[in-house]
Amino acid sequence: FFRPGDTLSRMADGSLLGVVARLEPRYRFPDGSTGPAYVVRSPDQQEGAFDADELERRARIEAIRDVRIPPARPPAAPTTR
């Protein structure tokens, strides 16, 4: 859903959450539960973990990471017979 480099904000009020640093498939939360979590770097450079399902429901992408798409290959040269 979200990828490293995506800038996220809260849907409720538009406040900036930060930039996705990585997805942890099995993160242990302070309450002892485990599950997938997004690690997000806030504007003040602090990292925090957010439950992946919860974040996907309550956040939106403000800016998409820089995606580099390789140039298309030139079409194959026509065959001669």
**Student:** Do NZ/NE/NH1/NH2 and the carboxylate oxygens of Glu62 and Arg60 come within less than 4.0 Å?
**Tutor:** yes

**Student:** First locate atom CG of Asp51, then atom CZ of Arg57, and finally report the distance between them rounded to the nearest 0.5 Å.
**Tutor:** 7.0 Å

**Student:** Do you reckon Leu23 sits in the same ILVMFWY cluster as Phe1, going by side-chain contacts under 4.5 Å, direct or chained?
**Tutor:** yes

**Student:** Between Tyr38 and Phe2, is there a donor-acceptor pair closer than 3.5 Å when you use the side chain of the first and the backbone of the second?
**Tutor:**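 Indeed, once roles are kept as given, a pair shorter than 3.5 Å links the two residues.
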
**Student:** In the hydrophobic cluster built from side-chain contacts under 4.5 Å, what are the other members alongside Tyr27?
**Tutor:** Phe29

**Student:** With the side chain counted from C-beta on, respond yes when Val20 and Arg3 share a heavy-atom pair under 4.5 Å apart, and no when they do not.
**Tutor:** no

**Student:** Find the distance between CD1 (Ile61) and OG1 (Thr7) and round it off to the nearest 0.5 Å.
**Tutor:** 9.5 Å

**Student:** Applying side chain to side chain contact (heavy atoms under 4.5 Å, CB included), name anything that partners Arg41, two or more places apart in sequence or on another chain.
**Tutor:**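 Arg41: side chain to side chain contact (heavy atoms under 4.5 Å, CB included) contacts with Ala21, Gln45, Glu47.
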
**Student:** For Pro43 and Gly18, which heavy atoms make the closest approach, and how far apart are they?
**Tutor:** CD-CA, 4.3 Å

**Student:** Quick one: closest heavy-atom pair of Leu17 and Ala59, and the distance?
**Tutor:**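 Result for this residue pair: CD1-CB, 3.9 Å.
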
**Student:** With clusters defined by side-chain heavy atoms of hydrophobic residues (ILVMFWY) lying less than 4.5 Å apart, directly or transitively, does Val19 cluster with Val40?
**Tutor:**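 No, no single cluster joins them.
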
